[in-house]
Amino acid sequence: RKEVEQDPGPFNVPEGATVAFNCTYSNSASQSFFWYRQDCRKEPKLLMSVYSSGNEDGRFTAQLNRASQYISLLIRDSKLSDSATYLCVVAPNTNAGKSTFGDGTTLTVKP
Amino acid sequence: GAVVSQHPSRVICKSGTSVKIECRSLDFQATTMFWYRQFPKQSLMLMATSNEGSKATYEQGVEKDKFLINHASLTLSTLTVTSAHPEDSSFYICSASGTGRDRWSYEQYFGPGTRLTVT
């Protein structure tokens, strides 16, 4: 079993749709959680960190469920520009700071 | 957010030559830098983790004598692909995480990547 697992996708949705991605992690000692997006042939860019209480940034909402060891990302009112691969990232709270990346979920938003 | 640069962005070299890739954190001190490789339509694969002033820790299956990593300062790490072969052709990406004791030290900021083609 992988340390971080994501919905396999791909997700193909129309503009304006709401889409949700889930991610599960196996290391219960994990402390820091992030969502990154990666456009084709580009580097990953930090989308948002995930707080214990859940957090929202515009159309994006991230949730953390420590008991079930999963993280979610909700995108409302999808835009064409949201098309990308979304990476779930889990990090231990140690000085090593080594993060584990999920394989990513590909989203395509269509007109 | 923090800025990480990577140079060169693209390199084409002949088989058997060595290629050096630089990764710099421009506006923060990076105690830890990571080197990844990504093949087309595949996920990021961590190659090694380097902490400033110490030897890099390589992931299983990554040859440390082939992929030389130097992290001599808090703003610069280099990856040298020695005696490159066509199978080393890939997208190499570095990332850096900063100093500090708060949780944001674990956010990684990525360089724009280097596309290596070995002919």
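Chain letters run A, B, ... following the sequence lines, proteins first, then strands; residues in each count from 1.
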**Student:** Answer with yes or no whether the hydrophobic clustering places A:W35 together with A:F60; edges join I, L, V, M, F, W, Y residues whose side-chain heavy atoms lie under 4.5 Å apart.
**Tutor:** yes
**Student:** Could you check whether any side-chain heavy atom of A:T85 comes within less than 4.5 Å of a side-chain heavy atom of B:S43, counting everything from C-beta outward?
**Tutor:** no
**Student:** Can you give me the closest heavy-atom contact between B:F110 and A:E43, atom names plus distance?
**Tutor:**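 Taking every non-hydrogen atom into account, CB-CG, 3.8 Å.
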**Student:** Does atom CD (A:E3) have a neighbourhood of more than 12 heavy atoms from anything else shown, all under 6.0 Å?
**Tutor:** no
**Student:** Between B:Q108 and A:Y36, which heavy-atom pair has the shortest distance, and what is it?
**Tutor:** O-OH, 2.5 Å
**Student:** Determine, using the 4.5 Å side-chain heavy-atom cutoff (strictly less than), whether B:L68 and B:W35 are members of one ILVMFWY cluster.
**Tutor:**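 Result: no, two separate clusters.
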**Student:** Do A:Q38 and B:Q38 have a side chain donor and acceptor closer than 3.5 Å?
**Tutor:** yes
**Student:** For atom NE2 of B:H85, is the number of surrounding heavy atoms from other residues, nucleotides or ligands below 6.0 Å larger than 12?
**Tutor:** yes
